[in-house]
Amino acid sequence: MKKTPNLHFDSPFKEDVYKGLSAFPKYLLSKYIYDEKGDKLFQQIMEMPEYYLTNCELGILQTHTAAISDSFNAEAGFDLIELGAGDGKKTKIILKYLSDKNYDFNYLPVDISQSVLVELEASLKKELPKVKVQPQQGTYFKTLEKLSDYNRRKKVILFLGSNIGNLLHEKAIDFLRNIREAMNPEDMLFMGFDQKKHPQKILDAYNDPAGITEAFNKNLLVRINRELDADFDPDQFLHWETYDPESGTAKSFLVSKKPQKVFIKGLDLKVSFKAWESIHTEISQKYDDSVVKWLADEAGLEVETSFKDNENCYKNYIFRK
Ligand code: AVI
């Protein structure tokens, strides 16, 4: 049996890259795509015509603004906590409605990136000056834990963009359980889930002809080159997308176009690729009502209601504890 060396890593990134590229089959974790360049590429993805998710969710929020906001049902005042707020483009629709109606609420965007929060706060000051913004820099769960008894106001937690789809079901259930832990009985969770649909539409969203998604996927290699002093040639890898309509799982891969060796100096690791060997990089899960209900059941949450777009592409669900 092959012995695993007893290695010590001084960062989770190093450890995860080492483990993923030493495994069979090889993999890398999609969370590492998001450095400064990865964030910019994702912004570009969200503006691509093929990436329907953003417009579908925007459409739902625009069509059902009143029904969604009024369902927060919080005369006594509430905290609107958004996990991974980004540029807040979609949330601003809800914020504007709540602010125009003089609802008593604070908006607490949570993000790991301080610069994202600074930009968001500045744009809100200009566009919606009445909204009370309290940015929270940190990881989702540490922040939720901190907020769970920081005051007893009702919490409405937002998690948009079908970001949950980047987690395998088991991890998605853990994620929902963690949110549930931070909820009081009157609190609500509002989340976006991309739905199963024509497989071609999904493949097109993750394989655009301009190559933006390819650059996004290959940013993993670019980042390993820069941060771990490696010599990946991204041109020698193919961006490859698959979609399994049975499981609803879209998977991204990088496929080696030839036999090649890569040296990662920062890990003192030589990685050999056979021709057409793959690195699995991301999953983007697609859902239907029964799968969402199953995830909620497993996590101890209840689906209260849902909102969909005209083409049944995407749904936002409200959950309660
Ligand atoms: C952030 N996440 C929901 C995106 C998705 O659709 O899985 C990331 C992405 N990957 C390729 N394109 C967009």
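Counting starts at 1 for both ligands and their atoms, following the listed order.
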ask   = Taking the six-membered ring of Tyr52, is NZ or CZ of Lys201 closer than 6.0 Å to its centre and within 45° of its axis?
value = yes

message = For a quick check: using heavy atoms under 4.0 Å, what are the residues in contact with ligand 1, sorted by chain and number?
response = Tyr34, Phe42, Ile45, Tyr51, Gly161, Ser162, Asn163, Asn166, Tyr206, Thr213, Phe216, Glu282, Ser284

inquiry  = Under a 3.5 Å cutoff, is there a donor and acceptor pairing between the side chains of Tyr287 and Lys315?
reply    = no

request  = For residues Tyr317 and Phe307, establish whether the separation of their ring centroids is below 6.0 Å.
outcome  = no

query = Do Phe190 and Asn316 have side-chain heavy atoms sitting under 4.5 Å apart?
reply = yes

key: For Met191 against Ile164, the heavy-atom pair lying closest together   = CE-CD1, 3.5 Å

Taking only distance into account, with no hydrogens and no angle test, what donor-acceptor pairs under 3.5 Å do side-chain atoms of residues 258-276 form with protein atoms, sequence neighbours excluded?
unit_1	atom_1	unit_2	atom_2	d
Gln260	NE2	Gln236	O	3.2
Gln260	NE2	Ser256	OG	2.8

